[in-house]
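Taking it in order: structure first as structure tokens, then the write-up.
A quick note: this is a predicted structure, and the numbers were derived from the prediction, not measured.
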Amino acid sequence: MAAKRIYAFGGGRAEGNKDMKDLLGGKGAGLAEMSNIGIPVPPGFTITTEVCAEYYKAGQKLPKALEPELKAALRKVEALTGKGFGDPSDPLLVSVRSGARASMPGMMDTVLNLGLNDATVAGLAARASNPRFAWDSYRRFVAMFGDVVLGLKPERKEDRDPFEVILDAKKHAHGVKYDKDLPVEALRELVAEFKAEIRRRKGVEFPEAPYEQLLAAIGAVFRSWNNDRAIAYRQLNGIPAEWGTAVSVQSMVFGNMGDDSGTGVAFTRNPATGEDEFYGEFLVNAQGEDVVAGIRTPQKISELKERWPEVARQLEDARETLERHYRDMQDIEFTIERGRLYLLQTRSGKRTGLAAVRIAVEMAEERLIGRDEAVLRVEPEALNHLLRPVFDAEAKAAAVKGGRGLAKGLPAGPGAASGKLVFFAQDAAAWHARGEPVILARHETSPEDIRGMAAAEGFLTAFGGMTSHAALVARQMGKVAIVGCGALEFDYHARTMTVETAGGAKVLKEGDWLSIDGTAGEVIEGRLDTRPSEVMAVLVEGGLEPKDAPTYQRFAKLLSWADAARRLRVRANADQPDQARVAVAFGAQGIGLCRTEHMFFGEGKIGPMREMIVAETHEDRRKALAKLLPVQREDFRGLFLEMAGRPVTIRTLDPPLHEFLPHEEQGIAQLARDTGRTVEEIRAQIADLVESNPMLGHRGCRLGISHPEITEMQARAIFEAACDAAEQGVKVEPEVMIPLVASVKELDDQAGVVRRVAEDVFARRGRKVRYLVGTMIEVPRGALTAAEIARTAEFFSFGTNDLTQTTFGLSRDDTGPVLQTYLAKEILPVDPFVSVDQDGVGALMKIAVAGGRATRPGLKLGICGEHGGDPASVEFCHRIGLDYVSCSPYRLPIARLAAAQAALRERAQESKAGDGSAKRARNGKAKPARAAKASPRRARNAAIAVPRARKGAGRRPRARA
Ligand code: PEP
Ligand code: MG
């Protein structure tokens, strides 16, 4: 039997239901469901998304077979309404609306009042006892049909809508300001003039026959699936082009029939705050678009009961029924025609992060949904809204409107910050020290800038992608940041920044106020006030008690439910005790990555570090290292104490040594003085260390292999600090991690150094602490030979920043131009430095998991690349059986929620499949027998199927934390 093309609704029942969004679109499914549960809905029918596909397949023609179904569906609507389509005495008028599976608000087209012509307009006038209303509806219909169906649009984008031009002339001729003041005669003339304009400009007659109007309108709505707006919206929201739209044809009800009619929109709870209040507005004697257009100021929904107590009660009932039925906050549209209420739409309402958390928690407490469902309801990223300082929304809008919006970049660190513009990290630190808030703006940042970055309210770079140094530090420190803002140009000598704006170039000087919205990626001139969020005030800033912070309480509750559901553990990337404190406050169960290089930029450390690098003899190098040892030890002790028994993964030195050397005159001269060498000698040595591809050069474990004394010093600092902490009664469990390992022999070399030092320290101190030695898996060869590496490694942590860089052969610091093009051309679906490329990088990860656990069934597995805080990547990590994810402290809530959602979704899938297959696939560790089946050789062979990565070109020795 041929597929059914049309599904009717109305009159208390429907052929479709809420689970048929794929076929009926969100709107069609909602209308069907409302009919089924007794909500008053004007009768109509929905033409399926499959017909949309047929329409395009046939070269934009409606299938012939649609017509008998269409006629039958129209007859049903006529029977339910008691009106006739095209009947001059009591005409049935319909709306023709789009509706895709996912809501695409305002992106596609709609035609209202269809069925009007020179004959039926009289019937409408009689029914409404209001000729003005009838002719007003008619002139609106002709204009809408002319625009949407016949394509009569402004010729150039700066031209005005042709129907508006005629309307304005008419108002002018009648000396009136508003449409509503035009007399009925003028409206009649407008209808004729609109039709003449269509004839003149499009060479066609406006179709008088309602059925012909309907067929044309259905085609036009299908075509609007592919208008520019809809395409752009789909791209931004990842909606596939093949979904297509459904078309809902529904009998019209009128909110503009007089003072006993009206129309409105409402949310069943407040979409901004989540408060359980009926939130919305309505207009008396108006059509839906009048509410949206904002021409008249609508009244609050709470005022409805004063005007129409019975309607208000019915609407309140509908609110209750819909919320209970959908078990979610709904966004509804309604119309009151002559005192009678109709609902025209219901859908799950869009909400802010703040509202999402409140609604989910309160609905669970009301037992409308379960706790697991509450956990699934909140987009993990939405939690960011609860952490970020905020701009006053009105002040920002006014600033942008007043021409202070300057440029846009990548939103690398969400939140809001205002400060005085500085261009050098040293200035940021100095200005901050004297109490001035600063925004650090640079072409790019590097590890040398770290203290200035910590001092800044936020930072802004012209260069770099989402894993650039600035972006990474922003997330780790919870700073507001915009990166890759290509409109900026710097003149560091003149201490100015030029911004290319739509209105021409604008020059800003050091000290000028600048505001950045890192959530929207917007740079705004001047100062805007911010305040810390409630959650931050309780957990980090202090000064607010949980009992006085309801938002914090809900946040904590939701996360406690998430913690109960998740299997993955969460750790933080942190290298300072204060970061560790924040991490613990946000629920860290350990540190997954301490980048020791960050520690060398602190007070009193960079000098000896530089001396160590430029040392010419072993003796000199050892002397410099001896100066570094006590400071590193103190750093580690601080971390161990702060983490109070939780595991701490410390990575040995990773970046190329060149990154630590001074590049400015002053620093070079200082280093010459400190080492008793000449400036020329130091310069020559710096030049010697420059590499053409530093990211693929002398870095990672290669450094420790060339200079074992560096690893030795770091290992000694770690184990001495561990003994110190143990003596202070704190349980410690260091995990020493060797970076950039491609071969087990590299790891053997470095693990040998670490273990030797450990034994030595333990012997001297007369105590032992438990520790592990493991490796990062961050180059393809490491993943492919994981089975061998696991002979030595006691844990793996996936360094997916470098693994992505080396798998794609794409420099992580120069992603800008390539990724922009690739994302625009949909060669890549998402930035692989933000969300794990599951097919490529993920395939390598799976090989490493299988290989590693084949050799060592209990192998501990984690991830510490930036992806550890990305919800989709967290879900992937759950699926492939990692033990933990590690991310910046401020992304821990997101990781906790994402990990819980991954576990809950998997459970739902298992119970659907009823076979527990997902669980079996999940955890090699939990099933050693199965994991043991895969031999190291088999793991290697599997690797052969993976395409080999080409070498990338990391040209610049910078931009990593
Ligand atoms: C990585 O490469 O993913 C990683 C965590 O190390 P880094 O970013 O310090 O190179
Ligand atoms: Mg790395």
Side-chain angles (χ1 to χ4, degrees), residues 404-413 417-432 436-474 477 479-518 521-527 601 659 661-668 811-817 819-820 954-961:
R404 285 163 55 197
L406 291 180
K408 280 201 139 200
L410 298 173
S418 273
K420 291 186 176 175
L421 190 56
V422 291
F423 302 114
F424 299 94
Q426 296 90 323
D427 294 337
W431 291 40
H432 174 75
E436 303 213 347
V438 292
I439 300 287
L440 176 64
R442 291 192 58 76
H443 185 253
E444 76 232 353
T445 62
S446 76
E448 274 181 52
D449 299 328
I450 205 83
R451 287 204 304 146
M453 295 171 87
E457 303 301 308
F459 22 91
L460 169 64
T461 66
F463 190 79
M466 294 296 266
T467 55
S468 64
H469 178 261
L472 200 140
V473 171
M477 290 184 177
K479 292 279 177 185
V480 180
I482 298 177
V483 301
C485 182
L488 310 181
E489 254 186 44
F490 293 90
D491 183 339
Y492 288 140
H493 287 289
R495 298 191 174 230
T496 59
M497 173 175 95
T498 306
V499 193
E500 211 48 64
T501 72
K506 203 158 210 170
V507 180
L508 283 95
K509 318 184 290 304
E510 180 178 89
D512 287 349
W513 278 93
L514 192 73
S515 298
I516 54 175
D517 183 335
E522 288 171 4
V523 185
I524 298 146
E525 194 179 357
R527 181 180 190 167
F601 285 95
E659 286 195 15
L661 291 179
H663 299 282
E664 285 139 23
E665 293 304 320
Q666 214 184 351
I668 295 173
S811 162
R812 57 194 271 190
D813 295 325
D814 304 294
T815 58
L819 279 182
Q820 263 167 28
R955 278 173 286 110
R956 292 184 188 78
R958 45 137 202 88
R960 288 186 325 122

> Among Ile482, Ile524, Leu406, which one satisfies side-chain contact (heavy atoms from CB on, under 4.5 Å) with Ile516?
Replying inline: Ile482

>> Restricting to non-hydrogen atoms, name the atom on Gly518 and the atom on Val480 that form the minimum distance, rounded to 0.1 Å.
In response: N-CG1, 3.6 Å

>> Show the nearest heavy-atom pair for residues Thr445 and Met453, with the distance to one decimal.
In response: OG1-CE, 3.5 Å

> Are Met497 and Leu460 side-chain neighbours, meaning at least one heavy-atom pair lies under 4.5 Å?
Replying inline: yes

>> Test your reading of the model: is there a side-chain donor-acceptor pair from Lys479 to the backbone of Ala456, 3.5 Å cut-off?
In response: yes

> Do you know which two heavy atoms are closest between Gly526 and Ser515, and how far apart they sit?
Replying inline: O-OG, 2.7 Å

> If you round to the nearest 0.5 Å, how far is CD of Glu457 from CD1 of Ile439?
Replying inline: 6.5 Å

> Should Arg442 and Phe463 count as side-chain neighbours, where that means a heavy-atom distance under 4.5 Å?
Replying inline: no

>> Distance check, rounded to the nearest 0.5 Å: Glu664 atom CD versus Gln426 atom CD?
In response: 5.5 Å

> Between Trp513 and Lys420, what is the shortest heavy-atom contact and its length?
Replying inline: NE1-CE, 3.7 Å

> If you look only at pairs with a residue in residues 496-507, which of them pass as a side chain to side chain donor-acceptor pair (under 3.5 Å), with sequence neighbours excluded?
Replying inline: Lys506-Glu525

>> Using 0.5 Å steps for rounding, measure from the CG atom of Leu514 to the CG atom of Leu440.
In response: 11.5 Å

>> Just so I know, are the side chains of Val523 and Val499 near enough to count as touching, which here means a heavy-atom distance under 4.5 Å?
In response: no

>> Using the side-chain hydrogen bond (donor to acceptor under 3.5 Å, both in side chains) criterion, which residues pair with Glu665? Sequence neighbours excluded.
In response: Arg683

Name the atoms and distances for all side-chain donor-acceptor pairs under 3.5 Å in residues 486-495, with sequence neighbours left out.
from   : atom 1 : to     : atom 2 : distance (Å)
Asp491 : OD1    : His493 : N      : 3.1
Asp491 : OD1    : Ala494 : N      : 3.0
Tyr492 : OH     : His443 : N      : 2.7
Arg495 : NH1    : Asp427 : OD2    : 2.7
Arg495 : NH1    : Glu510 : OE2    : 2.7

